[in-house]
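We count ligands from 1, going down the list as the structure has it; atoms in each ligand are counted the same way.
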Amino acid sequence: MTLQKILITGELVLHERAAEVQEINGNVCDLVADMFETMDAAPGVGLAATQIGVGLRIFVFSYSFQDREIRGVAINPTLALSALSDEELDEDADAEGCLSIPGERFPLKRADNVTLTATDLEGVEFQIEAQGWLARIFQHEFDHLEGILFADRLVKPHKRLMKKAIKENGWGKVGSSWLPGKDYLEP
Ligand code: ZN
């Protein structure tokens, strides 16, 4: 396992649709091991392969609630979404972040319920029905595989504030990344 650099918004692979995994081989297993290590070190609750520079449809997730840990890998996932809730956007409860836009959090409405269907590392298909925060994680990570960052989905005034934050950090162009556990940002 190798800790990998996490790419920051502006790197092209983050903004392109990732390709289907054709075969679950040793390379894919190594990639997934690196993804778990990097997610845990960040720390984060999810990480997509695109975030460490690999344009394949894989994400990992690790989420604890009520003494239960839900942890796994989703290969070639599909996601079925309920409608967006019609509740008002809540600045705190709906605040979302992304390891590819480190340190910036903005509220975003998501569907309350999703069904994730994907393949695990053994090639076995599984399904998880998720609500609340886990549903949000799945939507966020699935979006990564479509080349969509949560910044792309923000609404006024958050969209403008996020744009400003990205600019002020010098991101939004090729060449920025960070290594979890090391407090530095590459120029
Ligand atoms: Zn993200």
Side-chain angles (χ1 to χ4, degrees), residues 3-19 21 31-32 34-65 70-79 81 84 89 91-111 114 116 118 128 130 132-155 158-159 161-181 185-186:
L3 188 63
Q4 298 288 344
K5 283 181 190 169
I6 298 178
L7 303 184
I8 291 177
T9 182
E11 283 288 349
L12 298 181
V13 66
L14 291 172
H15 307 283
E16 294 167 350
R17 187 179 189 276
V21 175
L31 168 65
V32 169
D34 288 355
M35 287 169 66
F36 274 116
E37 182 172 347
T38 305
M39 172 179 67
D40 290 341
V45 292
L47 186 76
T50 52
Q51 293 182 275
I52 58 169
V54 179
L56 285 175
R57 303 186 74 75
I58 306 174
F59 69 75
V60 294
F61 52 94
S62 183
Y63 174 61
S64 301
F65 87 122
I70 299 172
R71 187 175 169 88
V73 55
I75 299 173
N76 294 339
T78 60
L79 203 60
L81 273 63
L84 290 188
L89 187 64
E91 296 272 341
D92 294 318
D94 291 322
E96 197 166 311
C98 179
L99 296 175
S100 292
I101 317 175
E104 305 296 340
R105 294 180 69 82
F106 288 99
L108 174 64
K109 272 176 86 154
R110 296 284 196 181
V114 303
L116 171 72
I128 299 176
W133 203 259
L134 185 60
R136 181 181 292 274
I137 293 168
F138 287 164
Q139 289 167 83
H140 181 111
E141 299 309 327
F142 183 81
D143 271 355
H144 271 300
L145 305 184
E146 296 294 301
I148 298 168
L149 300 188
F150 90 107
D152 302 324
R153 290 198 184 275
L154 294 175
V155 295
H158 311 293
K159 192 160 194 133
L161 295 171
M162 175 63 106
K163 246 187 171 161
K164 194 162 164 249
I166 288 171
K167 201 170 170 206
E168 281 174 0
N169 280 294
W171 300 333
K173 50 184 193 268
V174 173
S176 296
S177 63
W178 64 288
L179 190 63
L185 292 172
E186 292 225 326

(message) Testing the basics here: between P107 and L154, what is the closest heavy-atom pair and its distance to 0.1 Å?
(response) O-CD2, 3.5 Å

(request) Check whether any side-chain heavy atom of V73 sits under 4.5 Å from a side-chain heavy atom of M35, and report yes or no. (result) no

(message) Are R110 and R153 packed together at the side-chain level, in the sense that at least one heavy-atom pair is separated by less than 4.5 angstrom?
(response) yes

(message) Test of understanding: with side-chain hydrogen bond (donor to acceptor under 3.5 Å, both in side chains), list the residues that count as partners of R57, not counting sequence neighbours.
(response) E146

(request) Please identify each residue that fulfils side-chain hydrogen bond (donor to acceptor under 3.5 Å, both in side chains) with E11, with sequence neighbours left out. (result) none

(message) Let's test this: below 2.8 Å, count the protein N/O/S atoms around the Zn ion (ligand 1).
(response) 3

(message) Tell me every residue that passes ring-ring contact (aromatic ring centres under 6.0 Å, His included) with H140, counting only those two or more places apart in sequence or in another chain.
(response) H144, F150

